[in-house]
Structure formats: structure tokens, C-alpha cells
Undergrad: 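I have a structure I would like to understand better, so I am pasting it below and will then ask my questions one at a time.
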Amino acid sequence: MQVLVISDIHGNLTALDTVLADAGEHDAVWCLGDLVGYGPDPNECIERVRALPDLTCLVGNHDKAAIGEIDISAFNVDARQAINWTGHALSPAGRDYLLGLPERVEHGPYTLVHASPRQPVWEYILDRHIAAQNFNYFNTPYCLVGHTHLPILYIQTDGVVLDRRPNYDELLALGDERMIINPGSVGQPRDSNPDAAYALLDTDTQCWEFRRVPYDIAETQQRMAGHGLPPRLIARLEKGW
Ligand code: ZN
């Protein structure tokens, strides 16, 4: 089965549509949360994702924040403003959809969460040490996460955890070692590369492929400006931070 793995769309429909066009044929879609927040198209992104084939979609912290399920006082000023805008913009159907999303799902050898297996909505796996602790919180060989918007792979091998940046030209055979894998963010990449990030997973051959695709950032920025979203959030898209 060919699985399209996407995460952190953040209401950026132009990036999402570009990824869907670039990804080609797939049998299933695993979406690791944060459909909304930051971007100008929350309802459109929810509608688009809901219509994807054999979809598994998890809830992210911004999804919960937009529907008032978590306290947003820990969010920075810009994120708070965007969440408040998103909360008002959400349709009743969009709100209901976000409300029903799970925090954790297992598909065969894969555990799926938004943030980390230890704290599925909140914790940022930003280094090998945090990753090492998190290997104790899932039972499957592999765990797929989003949340940091940084594509990366953590490998547990002989009791130590190594990290590996994506090589976009290679098909990676997942093999026997346990891994935590982050496909990066569709709608707000933060690794200094503004191109939309996603991944393809072949569950028959257990091969993973990190991918990037440029999209029309100016188009998204125009809609953000039209809605009066914070200038810093608009500017960061073209820099990839
Ligand atoms: Zn996010």
C-alpha cells in the first residue's frame, strides 16, 4: 500500500494542493495533525483532507486550540492571534470534524501521533535525547510524528539514538531498527527551506521517501494579508522558519 504522509498543513491550501498534485497516486493518507492555525484557509484544508482516500487524521495542538479544547496562554502572541482568527473562521462542520480527531493511532508496525508518543499533543522532539526517552512510549517498530515542522529521522541502534537529516534523493528501507520519523510540515516548514514537505511510505516494501515541493507562497501570503493575519507569520513562509 502506498501511503501519503502529511503533517502540519496549518490552513495553507496552496501548499496542500501542491503536495497532493506532486504526490501522485496513493492508496491511503496519514495526516499527523495541525490542519489549522497560522494559515488563511482552515475550512478549505479540512474539507480537502476529509475527502482524501482511506484517511487517518490525528489531532494537533493548534486544532485543539482553535476549538477551545486547550488553553492558548502558552502560545506566542502571533500564534494566539492566528488561533483566535481561526476559531472565528471555522465552520460548524469544521469544528465538529476537529473535535472528533484521535490523539494516537496504530497501523500495523506504525504508531501515529502529532507531537510525541509520550505527550501526543504537546512535546517537541527536537533532539536525540528527547527522542531516546520517547522510544519507551510506543510498542511498534516505528513512530511517525509531526509538530516540530522539521523533517528528521531518529534511529535506535544498539542502545543509542542517532539522528539523520532527510536525503531527498533516496528511498529509505526502514529495516529492523526502531525509528521515530517526522515528514516535516506541508504548510509552514521551519528548516530554512520554504518548500512544502511531505513523505511517501510503501507499507509493502517498508520504504520511506522524504519529499519537498515548491508552491506559490505569495498566493498564500496574499490571503493571509487579506484576513489581517500577523505580518511575522506572513513573512516567515518565504524564509522557512
Ligand atoms: Zn504545527
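Residue numbers count from 1 along this sequence. Both counts, for ligands and for their atoms, begin at 1 and track the order of listing. These numbers come from a predicted model, not from an experiment.
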Undergrad: Going by atom type alone, with no hydrogens or angles, which donor-acceptor pairs under 3.5 Å involve a side-chain atom of residues 199-206 and a protein atom two or more places apart or on another chain?
TA:
from, atom 1, to, atom 2, distance (Å)
D202, OD1, D204, N, 2.9
D202, OD1, T205, N, 3.2
T203, OG1, M1, N, 3.4
T203, OG1, M1, O, 3.2
D204, OD1, M1, N, 3.2
D204, OD2, M1, N, 2.5
Q206, OE1, Y110, OH, 2.3

Undergrad: Using atom types as modelled, flag every donor-acceptor pair under 3.5 Å from a side chain in residues 93-102 to any protein atom, sequence neighbours excluded.
TA:
from, atom 1, to, atom 2, distance (Å)
R95, NH2, G87, O, 2.8

Undergrad: Taking atom types as modelled and ignoring hydrogens, do the side chains of N182 and T148 form a donor-acceptor contact shorter than 3.5 angstrom?
TA: yes

Undergrad: Give a yes/no verdict on a cation-pi contact between R178 and F138, requiring under 6.0 Å between NZ or CZ and the six-membered ring centre and an angle within 45° of the axis.
TA: yes

Undergrad: Which pairs with one or both residues in residues 149-159 pass side-chain hydrogen bond (donor to acceptor under 3.5 Å, both in side chains), sequence neighbours excluded?
TA: D8-H149, H10-H149, H149-Q188, H149-R190, T157-E177

Undergrad: What is the number of protein N, O or S atoms that sit under 2.8 Å away from the Zn ion (ligand 1)?
TA: 4

Undergrad: Is it true that the side chains of Y215 and N12 contain a donor and an acceptor less than 3.5 Å apart?
TA: yes

